[in-house]
Amino acid sequence: MLDRTGERRQTIENMEIMRGGQGEAHGRRRETMRVMLTDDEARREYLLRRSAIGSLREAAAIA
């Protein structure tokens, strides 16, 4: 069974952005994207969190 923690996290973040429009959640996301433009490690971590790979690694670390 695949761990869905990463999906839940992404869904909650997306809901906050949709509810808040140009508010705080949207600002945080824009800042995250801005940092990733120049930071290879931050970009890699972001992509891992958004994929099943990140959830699988978290599950393996717990087990």
Side-chain angles (χ1 to χ4, degrees):
M1 185 169 105
L2 184 62
D3 179 34
R4 301 288 185 203
T5 304
E7 288 179 23
R8 283 189 216 111
R9 202 177 304 143
Q10 180 66 41
T11 299
I12 291 168
E13 183 180 322
N14 289 341
M15 286 172 41
E16 288 174 352
I17 290 167
M18 287 188 291
R19 280 191 213 126
Q22 296 294 319
E24 183 181 328
H26 185 73
R28 283 193 313 267
R29 183 175 222 167
R30 286 179 54 90
E31 181 58 28
T32 298
M33 297 297 157
R34 195 172 301 125
V35 167
M36 286 190 296
L37 284 172
T38 58
D39 186 338
D40 292 340
E41 185 61 27
R43 187 170 43 249
R44 181 177 186 278
E45 288 302 316
Y46 175 84
L47 292 171
L48 288 173
R49 279 194 316 270
R50 296 303 185 254
S51 71
I53 295 168
S55 292
L56 292 172
R57 286 183 178 172
E58 287 177 10
I62 294 171

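The basis for the numbers below is simple: all heavy atoms, side chains too, and nothing from hydrogens, waters or symmetry mates. Quick caveat: nothing in here was measured; it's all calculated off a predicted structure.
A search for side chain to side chain donor-acceptor pair (under 3.5 Å) contacts involving Arg28 returns Glu16, Glu24, not counting sequence neighbours. For Arg29, the side chain to side chain donor-acceptor pair (under 3.5 Å) test picks out Asn14, with sequence neighbours left out. Residues passing the side chain to side chain contact (heavy atoms under 4.5 Å, CB included) test with Met36, sequence neighbours excluded: Thr32, Met33, Ala42, Arg43, Tyr46. For Glu31, the side chain to side chain donor-acceptor pair (under 3.5 Å) partners two or more places apart in sequence, or in a different chain, are Arg34.
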